[in-house]
Number of protein chains: 2
Amino acid sequence: MSRRPVRMADVARAAGLSPMTVSRAFRADAAVGKETRARILRIAEEMGYVFDAAASGLRSQRTGFVAVTVPSINNANFADTVNALSRELGRAGLQVLLGYDLYDPAEEEALVEQLLRRRPEAVVVTGGAHTPRTRRLLQAAGTPVIETWDLPERPVRHVVGFSNAACMETMVDHLVARGARAIAFIGGDISDDTRGADRRRGFQTAMRRHGLDASRLLPIGAPPASMATGAAAMAAALDEGLRPDAVIGVSDLAAFGALTECQRRGVRVPQDVMIAGFGAYEIAAVSVPTITTIDPHPAEIGREAGALAVRLLADPAEDRGPIRIEIAPLLRVGGSTS
Amino acid sequence: MSRRPVRMADVARAAGLSPMTVSRAFRADAAVGKETRARILRIAEEMGYVFDAAASGLRSQRTGFVAVTVPSINNANFADTVNALSRELGRAGLQVLLGYDLYDPAEEEALVEQLLRRRPEAVVVTGGAHTPRTRRLLQAAGTPVIETWDLPERPVRHVVGFSNAACMETMVDHLVARGARAIAFIGGDISDDTRGADRRRGFQTAMRRHGLDASRLLPIGAPPASMATGAAAMAAALDEGLRPDAVIGVSDLAAFGALTECQRRGVRVPQDVMIAGFGAYEIAAVSVPTITTIDPHPAEIGREAGALAVRLLADPAEDRGPIRIEIAPLLRVGGSTS
DNA sequence: ATGAAAGCGCTAACAT
DNA sequence: ATGTTAGCGCTTTCAT
């Protein structure tokens, strides 16, 4: 049971070879006899040897992984981004080291520091708003840094994202074209949720541009926006006598919650009130009616971020200036606004 | 930009101390003068020094993290388990190293091997079904191993979970008590989805116990079960003239999909058909009607698994035999069955 | 409370 | 295609 772990030297001894040859056998590209490699790997497996990635990384100064942070491990959009990113990096022999911060900038700071302690070869973070110390840590990391899901004015370095504000401007334009005037916005009221706050700002900008009242803001508190908080916000609005002819949720989850509250009260969607969301979550395509939303193409963000990371690692000269890749979001019209 | 990274020795030189004292300053419990430590940490921060966890772990043979695998990073239940686990481990100074396998046993095998290469101090995996090689890797890891979300007959070592089959027996009993006889089951048809297959088996067992027809099985293919596949399965069943008086989804997501299909066709829930799910996802509590489900207490699973890991690491003598902690799931009755 | 010497398990660099 | 020597950045161990 608790016998000493098998080391590379043990495998080398068993195979009658030097540790260096065993080391080479574990690298696909190294010059080792084909049969020698097969024999080494067989012996290693039999002995229960497990390669020590920490020792390898320490000596070679290459850890083979990219640190990735997401706000939550319970979100289809970030999952799609990470999956695509992971696939892209995998093709270059890189792995993802994943961390999450529960939408909390202080948590993000602690997370980034912990991840950097493991010496990733690149860092991909979600969002463009960080604590000053997080920014400093990232800038001093000495590795490529990519921010995603945002187009920050003052990026740390590289960016693959889209404008959350512009998405909501598009949505307001859509609703106004459909005849809506008294439009309410659910969420985005907590500054921690910077992407949500950006969307709310976009809502306000567009409303003012149309000469409409931008003050129908329904708060839902700390991120992430949920179905339950969306429903509660809608309930509170209706109880207060607010009679919007359209409601935009900071995400499809909040929008769906609002839809269910309407169903409970016999408020017809879209006849009495139109409803729209953000994110193109599955719920928007399955609910009755389907919910008008905006698809930010999460997988494409992951793919582009992964490809960019690979490019920057392959040729550090590419990292001479900030690179900015914009992914175009897509309006998906559902039954909730028509 | 690409200057040599700052090492502990650089900080020591700047502080006029030996590297050993700097090393101690970075361990909360080590004997260093209070002011000395503060000065060292300040200098380190100013110099942009980042502690090298790999070098530390290599020398001390303590990495300070626990490897955790989940099927998906897009699932509220696993997220709750990981959050609780993470909090519990954090109190003991341990971090989570998270990996996901997309419900694929071959992916799980590769994932477990990659995680073991980083020398975790313990391993927590989701589920009790693995490839033979995954079992071998885990058994030879020389660290505590905990399986969760299942009660396997032949566990690798320790278990914190519940019986997926028993949950569905409870649900069938509930529906039969409500008057249902022609009950259908959506999902669990792919062997990769072992927890889903267990639930399906529990459905069949209970139906036979009640002397009812257990053959109304609606397939949805590869896991995870989604709203869309649940809706498609319900649509196919209704198109084929199957007229169940109750439908159980392998998860709430599939159940909700079935509910929406009923809404689209004017089939009334629960009057024409009752609907039930599993998992106590938010959708079950927010949908109209709410969906009867089973709450497996994901956070409690995480908490117990974390506490067990901490206990086993604190005193390896505790690891003399397999420990099995059962978490009792809870039936939550909603409007979809009453 | 602080320091000196040695070495964790692997691989770069140089050999043959 | 394979072997030898040295050392990656830290911490153990034993000093003082």
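Order of the sequence lines fixes the chain letters, A, B, ..., with proteins taken first and strands second; residue numbering starts at 1 for each chain.
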- Task: To the nearest Å, give me how far apart CZ (A/R119) and C1' (D/dG9) are.
- Result: 9 Å
- Query: A/R87: what forms a salt bridge (charged side-chain N to carboxylate O under 4.0 Å, His left out) with it, not counting sequence neighbours?
  - Reply: none
- Note on the structure: Separation of C/dC10 atom P from A/R13 atom CZ, nearest Å, is 12 Å
Atom pairs and distances, donor-acceptor, side-chain atoms in residues 52-60 of chain A, under 3.5 Å, two or more places apart:
residue	atom	partner	partner atom	Å
A/D52	OD1	A/A54	N	3.0
A/D52	OD1	A/A55	N	3.0
A/S60	OG	A/S56	O	2.8
A/S60	OG	A/R62	N	3.3
A/S60	OG	A/R62	O	3.3

- Quick one: which of C/dG3, D/dG3, C/dT11 gets closest to the side chain of A/L17? D/dG3
- Item | Residue pairs passing the salt bridge (charged side-chain N to carboxylate O under 4.0 Å, His left out) test where at least one lies in residues 92-110 of chain B, sequence neighbours excluded | B/E109-B/R133
- Spacing between B/R118 atom CZ and C/dC10 atom P, to the nearest angstrom: 14 Å
- Who pairs with A/R91 by salt bridge (charged side-chain N to carboxylate O under 4.0 Å, His left out), at least two apart in sequence or on another chain? A/E88
- Starting from C1' on D/dG7, measure out to CZ on B/R7 and report it in whole angstrom. 11 Å
- Message: In this structure, how many angstroms lie between the C1' atom of D/dC8 and the CE atom of B/M8, rounded?
- Response: 14 Å
- Query: Looking only at heavy atoms, what is the nearest atom pair of A/L138 and A/V145, with distance?
  - Reply: O-CG2, 3.5 Å
- Strand-adjacent residues in residues 54-61 of chain B, judged by heavy atoms under 4.0 Å from DNA chain D: B/A55, B/S56, B/L58, B/R59, B/S60
- Can you tell me how far P of D/dA1 sits from CE of A/M20, to the nearest Å? 14 Å
- Note on the structure: The correct set of residues in residues 21-41 of chain A placing a heavy atom under 4.0 Å from DNA chain C is A/S23, A/R24, A/R27
Acceptor/donor pairs from residues 8-17 of chain B side chains to any protein atom, 3.5 angstrom cut, sequence neighbours excluded:
residue	atom	partner	partner atom	Å
B/D10	OD1	B/R13	NH1	3.3
B/D10	OD2	B/R4	NH1	3.4
B/D10	OD2	B/R7	N	2.7

- Item | Qualifying residues under salt bridge (charged side-chain N to carboxylate O under 4.0 Å, His left out), relative to B/D315, sequence neighbours excluded | none
- Rounded to whole angstroms, how far apart are CG on B/D10 and P on D/dC8? 12 Å
- Nearest-nucleotide wise, let me know which of A/V50 and B/P19 is further upstream toward the 5' end of DNA chain C. B/P19
- List for me each residue that meets salt bridge (charged side-chain N to carboxylate O under 4.0 Å, His left out) alongside A/R42, sequence neighbours excluded, and say none if there are none. A/E46
- Task: In whole angstrom, give the distance that lies between atom CZ of A/F51 and atom P of C/dG9.
- Result: 14 Å
- N or O in side chain of A/Y49 less than 4.0 angstrom from C/dG9 OP1/OP2: no
- Query: Looking at B/E326 and B/R324, does any basic side-chain N land under 4.0 Å from a carboxylate oxygen?
  - Reply: yes
